[in-house]
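The structure appears below as structure tokens.
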Amino acid sequence: MAAMLEVKDIHCSYDHVPVIQGVSLEVNEGEIVAILGANGAGKSTTMRTIAGLMHPTSGSITFNGIDITKMPASSSIKRGLSYVPEGRRLFAKLTVRENLELGAFTSADRTGVAERLEEMFELFPILKSRAAQTAETMSGGEQQMCAIARGLMSRPKLIMLDELSLGLQPSLVEKVFETVREIRKRGVTILLVEQMVQEALEISDRGYVLQTGRIVHQGTAKELLNSDEVRRAYMGM
Ligand code: ATP
């Protein structure tokens with residue numbers, strides 16, 4: 001069976017400076033897959049390109065059998081591909097509830113939105129108690145939960161999570177990653193980008209390690225966790 005997401009040999013540039021130089025990867029339905037690597041390796045660019053926020057100069061991206069290489073992000077969202085950007089990007093002055101409702105903006109079905117809100121409050125009880133609070137008054141961890149919940153409001157088949165751990169204390173990182181597992185249990189496939197290599201691999205099925213725009217290692221999470229080279233380069237061992 002074809003993979004849910006197939007990225008084939010994409011190249012991306014900023015102002016003609018090549019940043020992604022032939023990245024190929026696959027995500028199968030039901031998997032948690034991690035894109036790993038150091039600062040500036042091109043992880044976010046890869047994800048932004050899959051999301052349709054920028055387009056590759058060559059290569060292709062297929063989602064559920066449909067070529068989305070040149071599609072705008074708004075079309076990909078309607079097809080079930082959601083993206084939670086690095087740094088959360090919540091609307092600071094809007095309440096938690098309003099931020100979540102905006103995540104469902106592609107949906108015309110208002111009753112559906114109320115139902116989804118309830119689902120999100122069940123998955124993230126903390127957001128229920130903070131529903132009327134503005135996003136800017138919440139802690140980093142709560143904001144991250146809100147950003148994930150907003151990304152889930154479009155009822156995606158696949159959600160892409162960029163650097164969830166950024167700026168969170170270790171105990172919160174663990175909590176956020178637990179939530180990722182819970183989301184998968186609910187039938188959503190996950191592609192995540194992380195600099196915290198070990199922690200990310202512990203919740204993933206497979207991973208790809210990026211270095212200066214190229215994939216230098218790939219394998220099951222177990223293979224990568226056991227690889228001396230990966231451990232030395234990315235886990236400080
Ligand atoms: P980080 O975790 O720091 O975001 P990353 O692996 O996600 O790292 P990218 O953000 O994809 O890496 O950046 C890859 C390269 O592209 C870097 O050299 C970066 O400086 C460059 N880059 C990223 N965004 C832009 C931009 N908007 N304009 C020009 N260059 C950019």
Side-chain angles (χ1 to χ4, degrees), residues 5-27 32-61 63 68-74 76 81-90 140-141 143-144 147-148 150-151 158-170 172-174 176-177 180 190-204 206-219 221 224-225 227 229-236:
L5 177 71
E6 285 184 329
V7 175
K8 283 198 187 131
D9 196 25
I10 56 166
H11 288 70
C12 309
S13 318
Y14 291 108
D15 297 328
H16 305 292
V17 178
V19 168
I20 300 300
Q21 308 185 65
V23 164
S24 299
L25 59 89
E26 285 185 2
V27 183
I32 300 180
V33 175
I35 302 177
L36 309 160
N39 244 322
K43 306 180 299 296
S44 296
T45 304
T46 301
M47 212 169 235
R48 287 169 50 79
T49 305
I50 297 170
L53 293 169
M54 56 188 282
H55 299 301
T57 50
S58 63
S60 69
I61 305 167
F63 180 61
I68 60 162
T69 314
K70 297 204 166 75
M71 269 185 202
S74 55
S76 301
L81 185 64
S82 181
Y83 169 58
V84 178
E86 182 177 336
R88 297 153 207 156
R89 314 269 170 89
L90 294 171
Q143 287 188 21
Q144 192 64 80
I148 299 171
R150 184 177 60 180
L158 189 154
I159 190 164
M160 299 194 287
L161 307 167
D162 194 347
E163 207 86 50
L164 290 181
S165 66
L166 200 75
L168 299 185
Q169 62 192 60
L172 278 177
V173 172
E174 217 169 281
V176 170
F177 282 179
V180 173
I190 293 157
L191 178 62
L192 47 92
V193 151
E194 265 302 328
Q195 273 187 56
M196 298 191 73
V197 171
Q198 176 154 8
E199 292 80 354
L201 284 174
E202 277 164 9
I203 61 156
S204 300
R206 290 189 302 114
Y208 296 88
V209 181
L210 266 184
Q211 195 178 304
T212 53
R214 291 191 174 88
I215 289 168
V216 289
H217 300 284
Q218 58 180 295
L224 294 174
L225 277 168
S227 151
E229 228 175 307
V230 172
R231 287 160 68 90
R232 231 179 295 124
Y234 301 98
M235 299 180 214

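In each ligand, atom 1 is the first atom listed, and ligand 1 is the first ligand listed.
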Listing, residues 33-43 side-chain donor-acceptor contacts under 3.5 Å, not counting sequence neighbours, or none:
{"from": "K43", "atom 1": "NZ", "to": "G37", "atom 2": "O", "distance (Å)": "3.1"}
{"from": "K43", "atom 1": "NZ", "to": "A38", "atom 2": "O", "distance (Å)": "2.8"}

Pocket residues of ligand 1, ordered first by chain and then by residue number (heavy-atom cut-off under 4.0 Å):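 For ligand 1, the residues that come within the 4.0 Å heavy-atom cutoff are Y14, V19, A38, N39, G40, A41, G42, K43, S44, T45, E86, E163, Q195.
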query: In terms of side-chain heavy atoms, does D9 have a donor or acceptor partner in S24 at a distance below 3.5 Å?
result: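 Side chains of D9 and S24: no pair found under 3.5 Å.
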message: Between E163 (side chain only) and Q195 (backbone N and O only), is there a donor and an acceptor less than 3.5 Å apart?
response: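 At least one qualifying donor-acceptor pair exists.
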Rounded distance [0.5 Å steps], OH in Y83 versus CG in L191: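 Here the rounded value is 11.0 Å.
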message: Take a 6.0 Å sphere around CD of E174 and say whether it holds more than 12 heavy atoms from other residues, nucleotides or ligands.
response: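 Check fails, neighbour count at 12 or below.
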query: Can you name the nearest heavy-atom pair linking V84 to Q144, along with the distance?
result: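 Nearest heavy atoms, V84 then Q144: CG1-NE2, 4.3 Å.
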